Amino acid sequence: PMAFTLPPLPYAYDALEPAIDKETMTFHHDKHHQTYVDNLNKAVDADENLKGKSLEEIFTSISTAPKAVRNNGGGHWNHSLFWELLAPADQAGEPSAELKAAIDADLGGMDKFKEDFNAAGAAQFGSGWAWLIVQNGKLKITSTPNQDNPLMDVVDERGEVILGADVWEHAYYLKYQNRRADYLKSFWTVVNWNKVNELYAAAK
Ligand code: MN3
């Protein structure tokens with residue numbers, strides 16, 4: 001049977017410093033993400049209906065799946081993407097002309113977009129994610145609790161994810177303690193725009 005596996009980080013554990021420190025990256029990837037993978041495999045093994053399905057398929061009817069699949073499948077998918085959405089500051093690139101134009105048209109410009117995205121992350125009570133999605137051809141900012149994501153049939157705002165920020169405390173607490181807003185401010189210095197551009201082009 002095909003098992004889900006932990007993807008290696010696409011850069012060194014200290015590559016995102018000073019925005020995200022080595023210790024946080026090590027625990028976040030090696031411990032937290034690994035646990036989602038292990039628990040997802042256990043949950044899928046226990047359910048004949050889910051074997052052989054991709055997470056994207058499973059998410060479209062996650063409302064009917066066991067809670068362990070929702071939490072750990074979301075955890076695995078969200079983190080696998082999150083690592084790719086980050087890059088060392090000198091390799092982070094910049095938004096494509098096409099993406100910039102859409103941010104201007106749909107979200108009021110880059111500064112307003114970042115402000116609203118960070119506000120969505122800051123306002124997410126407890127653990128969760130802030131997202132930038134493409135919904136009916138337009139950009140939209142949203143957030144979800146726990147490990148839910150915009151591909152799931154249980155969320156209010158569904159769409160194709162092109163950027164996400166993990167706002168669980170485990171993503172920032174070692175360096176930022178309770179200062180989630182400061183972490184979200186630093187997040188922008190390590191956003192991998194090359195990946196965001198690629199996802200935007202594919203989602204359009
Ligand atoms: Mn996390």
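Predicted, not measured: the structure shown is a model, and the values here were computed from it. Start at 1 and go down the list; that is how both ligands and their atoms are numbered.
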Can you sort out the partners of Gln147 under side chain to side chain donor-acceptor pair (under 3.5 Å), two or more places apart, ordered by chain and number?
-> Tyr36, Asn78, Trp129
Paired with His32, the ring-ring contact (aromatic ring centres under 6.0 Å, His included) test is passed by just one of His76, His170, His79, namely His170
Per-pair distances, 0.1 Å, donor-acceptor, side chain in residues 102-111, under 3.5 Å, sequence neighbours excluded:
from	atom 1	to	atom 2	distance (Å)
Asp106	OD2	Leu139	N	3.0

Side chains of Asp166 and His28: is there a donor and an acceptor less than 3.5 Å apart?
-> yes
Report yes or no: do Gln124 and Ser143 form a side-chain donor-acceptor pair below 3.5 Å?
-> yes
Could you name all protein N, O or S atoms found under 2.8 Å from the Mn ion (ligand 1)?
-> His28 NE2, His79 NE2, Asp166 OD2, His170 NE2
Pairs in or reaching into residues 14-25: which pass salt bridge (charged side-chain N to carboxylate O under 4.0 Å, His left out), with residues at least two apart or in two chains?
-> none
